[in-house]
Structures are given as structure tokens and as C-alpha cells.
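Taking it in order: structure first as C-alpha cells, then the write-up.
Model, not experiment: these values are computed from the prediction. In each ligand, atom 1 is the first atom listed, and ligand 1 is the first ligand listed.
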Amino acid sequence: MDYQKLLEDIYSQVLPLAGEGKVADYIPALAKVSPDHFGMCLNNVDGEVFAIKDADVRFSIQSISKVFALAMCLAVKGETLWKRVGKEPSGTAFNSLVQLEVEHGIPRNPFINAGALVLADIMLTSFENPEEEFLAFVRELCGSETVGYNDEVALSERETGFLNAAIVNLLKYHKNIECDVERVLRFYFQMCSVEMNCMELAKAFLAFADHGGDFRHAGIELTRSQIKRMNAIMQTCGFYDEAGEFSYLVGLPGKSGVGGGIAAIHPHRYAVAVWSPRLNSKGNSVMGMKALEILTTETSESIF
Ligand code: GLU
């Protein structure tokens, strides 16, 4: 498969969509991002890397960070993790409060905000230096020591993150948060603020695609079976309230973020990352989602 040519082809096919959708502006620092970027990178399990356009430009990974947080929590808690967070698609927006109230403080899954806030709490109680250890883990996965937090984005989100503050308070009311709510919020926003480019994201996700052997990175160990299960959650819960549509059109497990990034995997074949900041009404990158749809359509291969 000539992936380089395919990526270039994909770019020319998604170009007519440039201008569709809207950059996330509810986090003031994110609204400053130039909307017209497009980058894509595919790493196959044979170690080949194919990249186009802005694949080397870093952006805010936002909710894609929830995958890394889940890996760390699953490694320390194992199956007991699921006592505090579910693994069902939510069918509501990523920042919804409603379901949480009805279900007495047990978030539907780790990839909605409520679930990821519980992950943040678990990490705060399980790791001595959670900020450093999270970053060390991400850096080792992507092979880059310069990947880091963007404090301006984290702070900007804290100043306007009233809904997330409400969610964490509701979780605390239901006794599903151990730490101080302010500490949990700050750590959660910090994780969301990590900046990576498509090349780094594709490399990092290769660890989830290539689960033929042991997963051991920066002290985090997961079995093949745990990686398989993480991929299942990415498939069913990774794309906001559009996981069904994403499964139908693309058919790969992955995770998107409101920074416009999407990382996805074809188990045992490749990891792919795409970035374009304009989002559709569900919060997924318009050009990014189309690019992945074309990738699995042109190759006639997805996990299905
Ligand atoms: N930090 C963002 C929030 O909590 C992440 C949203 C996302 O990328 O889904 O609203």
C-alpha cells in the first residue's frame, strides 16, 4: 500500500471541506488557533512513517489525553477501576451533567468529562507526582522529550470551566472523588492542555495498535488483553455523541479532541493521527473525520 500517495490523495479530496465547521472557542485560548491547518500522519507497525502538510505542527490534544489517563489508571487499578466509572457509550454530550445525576455519580465511560475527572482523581491518589508521571508517560509513548503542557490553555480553561467544576462537585457529592475538587480540576485541565503534533500522536497510538507484545512504557504496564479492552472503549465511546456514525463511516477505534485532533488505530496495522481545527456540531474535526473515512474506504479495510 502506497500510504504516502494515499494521504496526498486524501488531502485533495478533503480540501473542498475547508471552511466548514467552527473552531472550539469555549476555551478562550483555543479560539486563537488558526482554523485552516490540516495535518495527517500514519505510522504502520513495520516502523514506516507517512506524513503530509502540518503533521509536524503541535496543537492542543484536549480529550485525546483521556486515552493516556485511562491507560495509567487501568494499569494501577485493573478491573476495580470499573467500580468508579462505566464503559457504556453515553448518548449525551461529553460535558453533560444530566446522566450523572440520574446514575448517582458513576460516569458512563472514561472518555466523557465526568469519567475523565474520576480518572484524574484516581491518578492524584495513585501517583506521587501525577503531572510529571503523566507527561513522562506521554513523552515515552511518542518518543519526544519536548512534548509538554500549555499552561496558558490550562489556566484559560480553569477560568471558564464552570461546567466541569459543576461535574466534579456532583461527583464529589456522590463520593466518587477523593481529592479536593480544585486539585482535580487543575490536574484534568493540565492533562487536556498537552500539545502534540500528528507525528507524535500517531507514534504514541502505535503502542495501542501494535498490541502483539507487552505494553511497558514509563513504568506503566498493561496486558495485551487490557489493550484490547481499551481499544473497545475507544471504538464505542471515543467520538463524543457520534461514536456510532464514526464506527459506520470510519470503523476504527480512536479518540478525538476539541482541539481538532483525532487519533485512531487499525489493530496490528497502523496508527493514524489527523488534525484540522474546525469542528462539526458534535465536536469532531470536519476534515479529520472525512480524511479517516476516505482512508478506510480507499483501502477497503477497517476493523469490520
Ligand atoms: N478540556 C476540554 C473540556 O473539558 C476537553 C474537551 C474535549 O476535547 O472533548 O471541556
- prompt: When you check the side-chain N and O atoms of Asn280 and Lys22, is any donor under 3.5 Å from an acceptor?
  reply: no
field: Donor on one side chain, acceptor on other, Ser193 and Glu157, under 3.5 Å
entry: no
Any side-chain donor near an acceptor of the partner, Asn113 and Asn164, under 3.5 Å: yes
query: Can you tell me if Ser144 and Thr146 form a side-chain donor-acceptor pair at under 3.5 Å?
result: yes
Within the protein, flag every N or O under 3.5 Å from an N or O of ligand 1, and note the pair and distance.
from: ligand 1; atom 1: 1 (N); to: Gln62; atom 2: OE1; distance (Å): 2.6
from: ligand 1; atom 1: 1 (N); to: Glu157; atom 2: OE1; distance (Å): 2.9
from: ligand 1; atom 1: 1 (N); to: Glu157; atom 2: OE2; distance (Å): 2.6
from: ligand 1; atom 1: 4 (O); to: Asn113; atom 2: ND2; distance (Å): 2.9
from: ligand 1; atom 1: 4 (O); to: Glu157; atom 2: OE2; distance (Å): 3.2
from: ligand 1; atom 1: 4 (O); to: Asn164; atom 2: ND2; distance (Å): 3.0
from: ligand 1; atom 1: 4 (O); to: Tyr188; atom 2: OH; distance (Å): 2.6
from: ligand 1; atom 1: 8 (O); to: Ser63; atom 2: N; distance (Å): 3.0
from: ligand 1; atom 1: 8 (O); to: Ser63; atom 2: OG; distance (Å): 2.9
from: ligand 1; atom 1: 8 (O); to: Tyr240; atom 2: OH; distance (Å): 3.1
from: ligand 1; atom 1: 8 (O); to: Val258; atom 2: N; distance (Å): 2.8
from: ligand 1; atom 1: 9 (O); to: Ser63; atom 2: OG; distance (Å): 2.5
from: ligand 1; atom 1: 9 (O); to: Tyr240; atom 2: OH; distance (Å): 2.5
from: ligand 1; atom 1: 10 (O); to: Tyr26; atom 2: OH; distance (Å): 2.6
from: ligand 1; atom 1: 10 (O); to: Asn113; atom 2: ND2; distance (Å): 3.4
from: ligand 1; atom 1: 10 (O); to: Glu157; atom 2: OE2; distance (Å): 3.3

message: I'd like to know if Arg269 pairs up with Asp210 as an ion pair, taking the criterion as any Lys NZ or Arg NE/NH1/NH2 lying under 4.0 Å from an Asp or Glu carboxylate oxygen.
response: no
query: So, does Thr236 use its side chain to make a donor-acceptor pair with the main chain of Ala232 at under 3.5 Å?
result: yes
